[in-house]
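Chain A is the first sequence line, chain B the second, and so forth, proteins listed ahead of strands; every chain is numbered from 1.
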Amino acid sequence: MNKDFWYELKHVCKQSGARYGILHTPHGDVETPMFMPVGTLATVKYLSPEDLYALETGVILSNTYHLWLRPGEDIVKEAGGLHNFMNYKGPMLTDSGGFQVFSLSDFRKITEEGVKIKNHRDGSPLFLSPEKSIEIQNKLGADIIMSFDECPPYPCTREYMENSVNRTIRWAKRGLAVHNNPKQALFGIIQGGDFEDIRKYCCEELTKLDFDGFSIGGTSVGEDKETMLRMLDYTLPYLPSDKPRYLMGVGSYDSILEGVLRGVDMFDCVLPTRIARHGALMTSEGRVNIRDKKYERDFSPLDKECDCYTCKNYTRAYLRHLYKCEEGLGKRLLSIHNIRFLINLTKEIRKAIQEDRFLDFKNEFFEKYGLNVKNPRGF
RNA sequence: GGAGGGGUAGCGAAGUGGCCAAACGCAGAUGACUGUAAAUCAUUUCCCAUCGGGUUCGGCAGUUCAAAUCUGUCCCCCUCCA
């Protein structure tokens with residue numbers, strides 16, 4: 001058991017079963033459920049660490065594959081680790097590179113030993129294995145690191161999934177065996193697609209091992225909303241309650257609420273920052289595409305109910321202008337807002353759980369935003 | 001006054017008898033984006049309409065089955081020479 005990292009389950013909502021807890025990390029304690037913005041290349045695009053502190057982000061992500069290529073894990077280590085390198089003092093998490101193997105799948109070849117993959121920038125051959133991924137992550141030095149898994153495509157055959165999950169389990173053991181930084185928590189990743197028995201089997205096998213938490217993988221890969229929820233239903237009941245559960249790659253607000261309802265503690269997603277850069281905002285009035293002409297002379301704040309720096313200081317007309325002119329400040333201000341929207345959502349979620357009214361909160365939220373199965377995201 | 005070049009959709013710019021409502025770029029409008037190859041991608045922009053139809057390529061008049069493309073003429077712009 002890791003002495004620098006542990007999960008403290010503080011309260012289970014009597015109305016819903018959702019969990020409120022505290023994650024203790026070497027870089028501070030954070031409350032869960034929480035949302036973690038993604039900073040692939042040791043930066044949450046367009047935001048400074050000061051922006052992140054103001055947003056109260058807690059944990060932020062970075063990425064093994066991308067930092068491996070640039071600047072290289074040795075340089076990050078030389079700089080004193082990821083925290084020093086990028087000057088972020090809060091807790092950090094690195095993904096293992098497993099997802100890049102999936103998203104760059106045009107160039108990959110998966111074997112028992114690991115994955116042959118082509119450098120997406122220059123085509124040069126690369127090889128990533130469970131050992132290599134953990135070795136890189138040990139050098140990067142994030143508080144929480146991920147096991148190297150295979151993220152299978154959806155849909156895929158039962159045979160493919162069985163082979164893949166067994167390999168992911170073997171890879172998990174290999175990663176665990178070489179992990180040598182006691183300050184870093186290591187999470188196992190549950191796969192199995194929407195095969196209930198395979199998900200369950202994966203949970204049973206991985207929870208036998210000495211992981212500090214468990215991630216739910218294989219979601220947000222093109223499946224529909226109902227399927228994703230089914231995957232959660234096939235996974236969460238088989239995970240131990242004394243360890244954190246992390247739903248990887250999920251960040252639309254309806255999915256966060258559904259995840260929390262099922263017992264998820266941690267979420268990460270590029271969605272708020274990516275769509276912000278593309279001019280789409282999550283607001284108390286639903287989705288706003290700031291580029292739209294109707295905002296040309298709208299001198300009101302982006303979201304009247306929001307307390308973020310952007311909403312307190314700038315108008316929709318100005319944000320639209322920045323977007324149209326492709327100014328970096330626009331991307332920054334819009335990213336600030338979207339992240340704050342999700343941070344505020346998780347704050348309200350935690351409060352509702354502690355007050356044993358999370359189910360009401362979730363239902364009210366869905367009603368307010370007109371969310372349903374057909375229109376799940378609503379923005 | 002003389003010689004030459006040019007006027008194409010919001011802008012720039014292809015096209016020089018039928019495959020042209022007219023490439024392409026920009027600009028505009030709209031949508032998408034879920035462990036970030038993402039300042040990306042998709043749709044759309046003469047008019048009306050579901051199919052489909054109606055008006056266009058400086059103006060006018062011609063030639064032709066057929067013209068943005070050929071002829072005449074007029075208007076405007078640019079360069080050079082006087």
Side-chain angles (χ1 to χ4, degrees), chain A residues 35-46 59-67 69-70 93-108 117-123 126 133 137 142 144-152 154 187 189-191 214-225 227-228 231 245-256 258-259 264 266-282 287-296 320 322-332 334-335 338 342 376-377 379:
Chain A
F35 175 75
M36 311 180 287
V38 180
T40 306
L41 284 158
T43 167
V44 178
K45 293 185 192 300
Y46 291 91
V59 179
I60 62 165
L61 259 70
S62 211
N63 187 275
T64 299
Y65 170 82
H66 291 287
L67 293 177
L69 301 189
R70 286 190 295 187
L93 181 155
T94 46
D95 186 25
S96 62
F99 187 75
Q100 278 59 47
V101 168
F102 167 78
S103 64
L104 305 173
S105 62
D106 287 351
F107 314 122
R108 73 175 170 179
I117 188 169
K118 278 187 184 174
N119 183 324
H120 69 281
R121 296 177 52 233
D122 63 14
L126 298 169
S133 173
Q137 294 187 79
I144 305 167
I145 67 176
M146 290 297 123
S147 190
F148 186 68
D149 64 328
E150 183 198 345
C151 183
Y154 179 85
F187 281 31
I189 302 180
I190 310 296
Q191 292 289 355
F214 296 96
S215 304
I216 301 152
T219 59
S220 302
V221 291
E223 80 283 6
D224 60 37
K225 190 69 57 168
T227 302
M228 192 199 81
M231 291 176 179
R245 297 95 171 257
Y246 162 29
L247 178 53
M248 306 184 83
V250 167
S252 64
Y253 40 56
D254 62 300
S255 298
I256 289 175
E258 297 284 12
V264 175
M266 304 160 68
F267 301 84
D268 84 283
C269 197
V270 304
L271 191 69
T273 44
R274 179 183 290 168
I275 69 174
R277 273 178 276 124
H278 298 163
L281 292 314
M282 305 172 180
R287 183 185 181 116
V288 166
N289 287 334
I290 199 66
R291 135 201 65 210
D292 289 0
K293 196 172 178 59
K294 59 187 169 187
Y295 304 120
E296 194 174 28
R320 177 178 193 270
L322 292 177
Y323 179 85
K324 298 290 283 184
C325 297
E326 299 181 58
E327 282 293 336
L329 178 61
K331 295 176 199 305
R332 170 166 171 259
L334 296 174
S335 295
N338 268 359
L342 290 183
R377 188 170 301 145
F379 59 72

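Pairing for B:G4 is with B:C78, a Watson-Crick or G-U wobble pair whose two hydrogen-bonding atom distances lie under 3.5 Å. Remark: B:C24 base-pairs with B:G12. Criterion, Watson-Crick or G-U wobble with two distances under 3.5 Å.
Residue-level contact check: A:F267 touches neither bases nor backbone, having no heavy atom under 4.0 Å from any strand. Residue contacts shown for A:D268 are limited to sugar-phosphate atoms, with no base heavy atom under 4.0 Å away. In this structure, A:I189 reaches the bases: a heavy-atom distance under 4.0 Å links it to at least one base atom across the strands shown. Note on A:T273: a base of the nucleic acid sits closer than 4.0 angstrom, heavy atoms only.
Across B:G6 and B:G17, the matching P atoms stand 15 Å from one another, rounded to whole Å. Comparing the same atom, C1', in B:U8 and in B:C57 gives a spacing of 4 Å after rounding to whole Å. Comparing the P positions of B:G15 and B:C51 gives an interatomic distance of 32 Å, to the nearest angstrom. Nucleotides B:U64 and B:U71, compared at atom P, are 15 Å apart to the nearest Å. On the P atoms, B:U56 is 11 Å away from B:A67, given to the nearest whole Å. Nucleotides B:G12 and B:A82 have their C1' atoms positioned 35 Å apart, rounded to a whole Å. One C1' atom belongs to B:C41, the other to B:U63, and the distance between them is 50 Å to the nearest Å. With P as the reference atom, B:A49 and B:G59 are 26 Å apart, rounded to whole Å.
Regarding contacts with the backbone of B:C41, every side-chain N or O of A:R277 stays at 4.0 angstrom or more from both OP1 and OP2. For the pair A:S103 and B:A37, the criterion of a side-chain N or O lying under 4.0 Å from OP1 or OP2 is met. Taking only side-chain nitrogens and oxygens, A:R291 never comes nearer than 4.0 Å to OP1 or OP2 of B:G28. Of the side-chain N and O atoms in A:N289, none sit less than 4.0 angstrom from OP1 or OP2 of B:U30. Proximity of A:Q100 to the phosphate of B:G35: no side-chain N or O atom is located under 4.0 Å from OP1 or OP2. For B:G35, the OP1/OP2 oxygens have no side-chain nitrogen or oxygen of A:N63 closer than 4.0 Å.
A:H120 places its NE2 atom 14 Å from the C1' atom of B:U40, with the value rounded to the nearest Å. For the pair A:L104 CG and B:A38 C1', the interatomic distance rounds to 12 Å; values are reported in whole Å. Rounded to an integer number of Å, the gap from NZ of A:K324 to C1' of B:A39 is 14 Å. Between the CG atom of A:L281 and the C1' atom of B:G31 there is a distance of 15 Å, rounded to whole Å. A:F99 places its CZ atom 7 Å from the P atom of B:A37, with the value rounded to the nearest Å. Between the C1' atom of B:G35 and the CD atom of A:Q191 lies a distance of 10 Å, rounded to the nearest Å. The distance from atom CD of A:E223 to atom P of B:C33 is 13 Å, rounded to the nearest whole Å. The OH-C1' distance, from A:Y323 to B:G28, rounds to 13 Å in whole Å.
A:K225 and A:S255 form a side-chain donor-acceptor contact under 3.5 Å, judged by distance and modelled atom types alone. No side-chain donor from either of A:D149 and A:S147 sits under 3.5 Å from a side-chain acceptor of the other.
With A:R320 contributing its side chain and A:D292 its backbone, the two residues share a donor-acceptor pair below 3.5 Å. No donor-acceptor distance shorter than 3.5 angstrom exists from the side chain of A:T94 to the backbone of A:I145, with no hydrogens or angles considered. No donor-acceptor pair closer than 3.5 Å links the side chain of A:D268 to the backbone N or O of A:P37.
With centres under 5.5 Å and a plane angle under 30° as the test, the ring of A:H66 is not stacked against the base of B:U36.
The side chain of A:R287 lies closest to B:A32, out of B:G35, B:A29, B:A32. Listed nucleotides: B:U30, B:G35, B:A39. Nearest to the side chain of A:Y46: B:A39.
Between the side chain of A:D149 and the base of B:G35, at least one donor-acceptor pair of N or O atoms lies under 3.5 Å. No hydrogens or angles were tested; on distance alone, a donor-acceptor pair under 3.5 Å links the side chain of A:R274 to the base of B:A38.
Put simply, CZ on A:R332 and OG1 on A:T273 are 14.5 Å apart, with the number rounded to the nearest 0.5 Å.
Between A:V250 and A:S220, the shortest heavy-atom distance links the atoms CG2-OG, 3.2 Å.
Comparing A:E326 and A:L61, the nucleotide of RNA chain B nearest to each residue sits closer to the 5' end for A:L61. Where A:K331 and A:S62 meet RNA chain B, the nucleotide closest to each residue was compared, and A:S62 sits on the side nearer the 5' end.
Between A:H120 and A:H66, the angle of the ring planes goes over 60°, which puts this pair in the perpendicular group of the 30/60° scheme.
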